Number of protein chains: 2
Amino acid sequence: MARKVGRRGGNIVTIHDVARHVGVSPMTVSRVINGEKNVREETRQKVLASVEALNYSPNMAARSLATQDVARVALLYSNPSSAYLSEFLLGILEQSAQSGCQLTIESCDGPEGAASAIEKLKTTGTDGVILPAPLSDSTRVAKALKDLNIPFVGVATARPAVDFTSVSIDDYKAAYSMTKRLIALGHRRIGFIKGHPNNYGSQLRYDGYVAAMAKAGLEVDDSDVAQGYFTYRSGFDAAETLLGRDERPTAIFASNDDMAAGAVATAHRLGLDVPSQVSIVGFDDTAMATMVWPELTTVRQPISDMSALALKLLLDQIRAKRTGAPYTPIREIRDFSLIERQSSAAVSDA
Amino acid sequence: MARKVGRRGGNIVTIHDVARHVGVSPMTVSRVINGEKNVREETRQKVLASVEALNYSPNMAARSLATQDVARVALLYSNPSSAYLSEFLLGILEQSAQSGCQLTIESCDGPEGAASAIEKLKTTGTDGVILPAPLSDSTRVAKALKDLNIPFVGVATARPAVDFTSVSIDDYKAAYSMTKRLIALGHRRIGFIKGHPNNYGSQLRYDGYVAAMAKAGLEVDDSDVAQGYFTYRSGFDAAETLLGRDERPTAIFASNDDMAAGAVATAHRLGLDVPSQVSIVGFDDTAMATMVWPELTTVRQPISDMSALALKLLLDQIRAKRTGAPYTPIREIRDFSLIERQSSAAVSDA
DNA sequence: TTAAATCATGATAGCGCTACCATTTGCGCT
DNA sequence: AGCGCAAATGGTAGCGCTATCATGATTTAA
């Protein structure tokens, strides 16, 4: 239980114990653990068996000390939804525990405030930066980091700029799928609430919606599209425009969950039942989606997977930079999924 | 920037550099850093000055390796609001970076699911556990941990059990203050939405409300109190009971933000304006509070402070356990604050 | 004043791991 | 067989820090 028993003579299993158990040198064990080559397959197997048997787990502190390889990575975020942030953190944490890197969390006020935060990171000696959702689309932030020669990875980057490594989902495809699903449920007039105009991902979502509608031979009337700003309030207002008419859509697709929740509130206020009279769907599957009633049908991103992967890629990049190896930015695309809850239903024939 | 420059000859400032700079032995520097006694005040000052001058910062990896003191602490949580969780994580992370301990995050399904999670922690060799909000009130979980002799600290523990260390706010006092504030705004009939009946903190909040009403000489009518379950939906329904009458209260105090948000939705549906016709206030100041419109007046707990403190206390406790020192559980109470937003207002004379 | 306790500091030896280089082993080739 | 070369393995020396004990400086008690 306790890691310590005395200054020496602890009960912790070390690489030496494994080595003795197998009958090789500690060095060989180290090589196996780190997946280096130049180890005979047979030896490798024996070592792995012993690791298992003795329940050995490497001591991160010793490793980072020996390798001098404690990457200091910072997570720089600006007001994401807290649901997003917490799941993001979960992924990052898991990965960082495995990789034994030192995490710093830094918040800033939008891309503007990022400048000073980045300045600070520089003086602190940060080896790399993770940029979650809103910040990952800021060219300004990307440029600042690049100028400082600090490696970074963007998460949920919508803009398909390939000059830095990023992990995202395909916003276009996701919006396309969701729209297609609504159409399959019998909806013909589907309203859309756009996200913030500055947000590139927001544009992609809209494009996906339009494409799916076109594919089904359905027309998108301008009056069925409302501008939103990703906030609850903006969804509330936008839905008012969309639903406050005689000829209203039977479904509304909001570009994020907060706006969808706002739309649900408006529907209720107008005396419309969700989903029997209007289906309302969101995007992101944040906690908001299950907090409101009825719970929202939405698009789910594997946020914690994505953040974990982002950290891993960042560490690779940092390592490459240190060894002077060439590094080519990667654009990873993860799969999204459609989560169907109670806010959507087939259009009623009434 | 990079932590590494070559196997040796890195540019990192070590304790030796500081020692040389001051003209003492590394050991003395170490002592100063760790705040040990038996160092002459004059020497201490000189060392501290050099630390500052050279911008030295201790290498956690080396320290934990030398002290054999890597505490493995687990954060065990069960479905808290994500807003709560993310802020909680922020506090924990900051503290853990400073203390150089190894964090594991573990989720479980309510107190029931905790059993297996705890079992797992045992085999993994966990030195201590942090228990956030809902779990910290489960006697079952507390007992399981105690039986295993694993130190733990509860956060936002409402039940005033003093047999384990905890960090909380005074739910009673907070509810009392909020109620008093509403009364000061001119409200005389104040409805209350209770939290989950199993939750002790929920009871304290109710008691605080009742006490404040009594203090002001106001009667609490049974029909002005509704049972809720901390969910949006339950707040939605409870508000219906409270507001769906001719003689309705002019304010509603919900035991958490989710229910307050639900209550706001109901008010809107009933055509009541918030706050001019009904004031609605919440508790916790989760992200939910600012996501709905109008934004909620609520009670704020210093969540990240509390979680950071909890980790610190946990580490103390672990250390005490290792050295065999006696340990007395502490019950820390932090200050809450009233956050006034747009969902509450003075009662109108109309 | 002198022995004994106390304090301030230093020297040494690792914590568990891996970088680096030395050595051994295996294997294909002439 | 003997050579060379590469693959496989081992030995050594720290990474930055602190536990421990040893030492010299200072105070206290007697």
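Below, chains carry the letters A, B, ... as their sequence lines are ordered, and counting in each starts from 1. Source: prediction; values computed, not measured.
A:L89 approaches A:L75 most closely through the heavy-atom pair CD2-CD2, 3.5 Å.
Residue A:I33 contributes atom CD1, which lies 15 Å from atom P of C:dG16 at whole-angstrom precision. Here D:dC17 presents its C1' atom at 20 Å from CE of A:M60, a figure rounded to the nearest Å. Computed from coordinates, the A:H16 NE2 to D:dA13 C1' distance equals 12 Å when rounded to whole Å. Look at CD on B:E36: it is 12 Å from C1' on D:dC17, rounded to the nearest Å. The CZ-C1' distance, from B:R63 to C:dG14, rounds to 18 Å in whole Å. Rounding to whole angstrom units, CD of residue B:E42 and C1' of C:dT9 are separated by 13 Å. Protein atom OH of B:Y56 is 6 Å distant from nucleotide atom P of D:dT18, rounded to whole Å.
Rounding to the nearest 0.5 Å gives a distance of 5.0 Å between CG of A:L311 and CD1 of A:I130. Rounded to the nearest 0.5 angstrom, B:T28 OG1 and B:E36 CD are separated by 10.5 Å. In this structure, SG on A:C108 lies 5.0 Å from CG on A:L135, to the nearest 0.5 angstrom. Residue B:L93 holds its CG atom at 11.0 Å from CZ of B:F88, rounded to the nearest 0.5 Å.
Pairs of residues two or more places apart, or lying in two chains, that qualify as side chain to side chain donor-acceptor pair (under 3.5 Å) and include a residue from residues 133-145 of chain A are A:K143-A:D147.
Judged purely by atom type and a 3.5 angstrom limit, A:D127 has no side-chain atom pairing as donor or acceptor with the backbone of A:V73. Without hydrogens or angle criteria, B:S64 side chain to B:M60 main chain gives a donor-acceptor distance under 3.5 Å.
The side-chain hydrogen bond (donor to acceptor under 3.5 Å, both in side chains) check on A:Q301 picks up A:D284, with sequence neighbours excluded. Listed by chain and number, the residues in a side-chain hydrogen bond (donor to acceptor under 3.5 Å, both in side chains) with A:E42 amount to none (sequence neighbours excluded).
Terminal axes of the helix from C:dT1-D:dA30 to C:dT30-D:dA1 (five pairs each, C1' rotation axis) are separated by 40°, to the nearest 10°.
The phosphate of C:dC17 (OP1 or OP2) has no side-chain N or O of A:S30 nearer than 4.0 angstrom.
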Worksheet item: Where along nucleotides 5-12 of chain D does protein come under 4.0 Å, by heavy atom, of base (B) or sugar-phosphate alone (S), with - for untouched nucleotides?
Response: --SSBBB-
Could you list, one pair per line, each protein nitrogen or oxygen that sits under 3.5 Å from a nitrogen or oxygen of nucleotides 22-24 of chain C, together with the distance?
none

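Side-chain proximity of A:L65 to D:dC15, D:dT18, C:dC17: nearest is D:dC15.
Between the side chains of A:R331 and A:S166, at least one donor N or O lies within less than 3.5 Å of an accepting N or O.
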